[in-house]
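Let me begin by presenting the structure, written as structure tokens, before commenting on it.
Remember, it's a predicted structure, so these values are computed and weren't measured experimentally. All values below were derived from every heavy atom in this structure, side-chain atoms included, with hydrogens, water molecules and symmetry-related copies excluded.
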Amino acid sequence: MGVVAINHALKTEAFDRVNAELDSLISLADWLHANPEIAWEEHNSAKRLAEILRTRGFDVVQNYLEFPTAFRATYGSGDINIGVIAEYDALPGLGHACGHNIISAIAVGAATALAAIADQLGITVTVYGTPAEEGGGGKIEMIDRGAFTELDFAMMAHPAPADVTRAVPYAVSHSTMTFTGKAAHAAAFPTEGINAADAMVIAQVAIGLLRQQLPATVRVHGVVTRGGEAPNAIAEQTVGRWYVRAKDLQELEETEVRVRRCFEAGALATGCTLEITPDSQPYSDFHNVEALEQLYDTNIRALGRSPITEGPEARMSSASTDMANVSHLVPAIHPYIGLNSYPISNHQFEFAAHCIGDAANAAIRDGAIALAWTAIDFAEQTSAKSPKHLTE
């Protein structure tokens with residue numbers, strides 16, 4: 001990053017604070033990357049973030065709302081409450097291939113910068129440590145217990161192949177599908193078995209055929225996590241995890257009915273029983289506020305970045321997130337900070353390698369500064385006018 005001209009004293013202070021903290025922020029991101037913990041098991045990750053914020057003067061509540069890997073950290077007593085969201089869960093088998101280690105470092109950096117000017121700006125800074133974004137819906141569970149409601153504005157930044165300001169995620173449901181049949185010797189007594197593997201195959205074929213009739217705004221995908229026990233035994237039980245995505249919750253609900261019938265067809269054809277268990281509550285589409293996005297866009301461009309709106313590099317902006325559910329509760333932004341990695345993208349082994357090193361370190365610095373500057377703009381404009389001009 002070249003020399004940045006900042007005609008604003010508080011922004012200068014925030015800029016300097018992030019740069020002063022940068023080595024420690026990079027150390028945090030690198031540590032998380034080397035010690036990945038999956039959804040609902042992020043005990044060490046949550047503890048480390050909480051300890052760092054406590055040493056920077058934040059009042060920290062761990063085991064927040066009785067979630068062992070959630071926390072809330074607050075600083076200041078101003079009337080305007082700025083929420084900074086941290087995610088730190090990794091992907092099973094892939095580690096930090098979505099870059100949540102970077103999200104956490106950005107969150108700590110932005111919050112620390114804002115804490116340094118909280119009294120001058122008249123704000124309270126609240127950091128939420130949120131578990132289980134990768135399919136567990138941690139933020140939705142936290143909403144159900146009263147989280148986020150005190151915020152005037154919530155923000156986070158997510159790594160991606162390229163910079164994108166607007167999040168346009170799919171609504172999504174996550175479900176576990178279990179077929180149960182009857183085991184039997186596949187050669188000697190095949191007629192005595194009820195084949196759960198066949199049931200899963202029928203469901204997958206039906207979904208493949210269904211896709212031709214699905215809207216372009218829908219995605220259906222999944223994996224078989226248990227396919228049977230031995231090739232010479234009729235599979236007694238098979239299990240799969242499936243996601244259904246759509247442009248909004250209404251389309252999601254309509255599509256889920258059709259996908260469910262594909263699994264019911266497998267059960268009907270084979271004689272198996274079928275159990276469908278939601279893995280989390282549905283993630284919603286994102287409620288975007290253009291005025292808030294524009295604040296971030298202006299600030300990230302001032303740091304020399306050029307967000308894009310289309311092209312394959314921009315597609316990560318359509319990835320589902322439980323931050324979308326927060327956006328329906330309080331005004332929020334969820335921009336993407338680029339690692340210049342395309343065609344390598346999130347949820348690939350190779351992307352995890354991009355989540356440490358020079359590009360990742362630059363994303364931590366720029367993301368933290370841009371979020372802090374956006375919060376400064378929001379607070380100043382909210383103080384000067386009715387907040388409705390920014391959040392409606």
Would you tell me whether Glu13 and His8 have side-chain atoms, one donor and one acceptor, within less than 3.5 Å of each other? no

Side-chain heavy atoms of Tyr283 within contact of Asn325, under 4.5 Å: yes

Please check if the number of heavy atoms outside Glu253 that lie under 6.0 Å from its CD is greater than 12. no

Apart from Leu91 itself, members of its ILVMFWY cluster (side-chain separation under 4.5 Å) are Leu94, Phe349

Using a strict 4.0 Å threshold on nitrogen-to-oxygen distance, state whether Arg305 and Asp366 make a salt bridge. yes

Flag side-chain contact, heavy atom, 4.5 Å: Lys11 against Asn299: yes

Ignoring hydrogens and angles, tell me if any N or O in the side chain of Thr124 forms a donor-acceptor pair with the backbone of Asn81 under 3.5 Å. no

Charged N-O contact under 4.0 Å between Glu87 and Lys139: yes

State whether a side-chain donor-acceptor pair under 3.5 Å links Thr176 with Asp279. yes

Between Glu21 and Arg17, does at least one N-O distance fall below 4.0 Å, as a salt bridge requires? yes

Pair Gln237, Thr178 - check side chain to side chain donor-acceptor pair (under 3.5 Å), show working. CA-CA 7 Å; Gln237 190 170 81; Thr178 304; 5.8 Å; no

Atom of Ala90, atom of Gly95 and distance for their closest heavy-atom approach: CB-O, 3.5 Å

Identify the two heavy atoms, one from Glu133 and one from Thr321, that lie closest to each other, and give their separation to 0.1 Å. OE2-CA, 3.3 Å

Check whether any side-chain N or O of Asn288 sits under 3.5 Å from a backbone N or O of Glu290 as a donor-acceptor pair, and report yes or no. no

Quick one: does Ile344's side chain get under 4.5 Å of His354's, heavy atoms only? yes

Pair Phe351 and His96, ring centroids less than 6.0 Å apart: no

Cation-pi between Arg145 and Phe67: NZ/CZ under 6.0 Å from ring centre and within 45° of the ring axis? yes

Ring centre gap for Phe263 and Trp242 strictly below 6.0 Å: yes

Using modelled atom types only, decide if a donor and an acceptor are shared between the side chain of Arg56 and the backbone of Ile52 within a distance under 3.5 Å. yes

Would you check if the distance from the ring center of Tyr128 to the ring center of Tyr64 is below 6.0 Å? yes

Measure the shortest side-chain to side-chain distance between Tyr336 and Pro159 over non-hydrogen atoms and say whether it is less than 4.5 angstrom. no

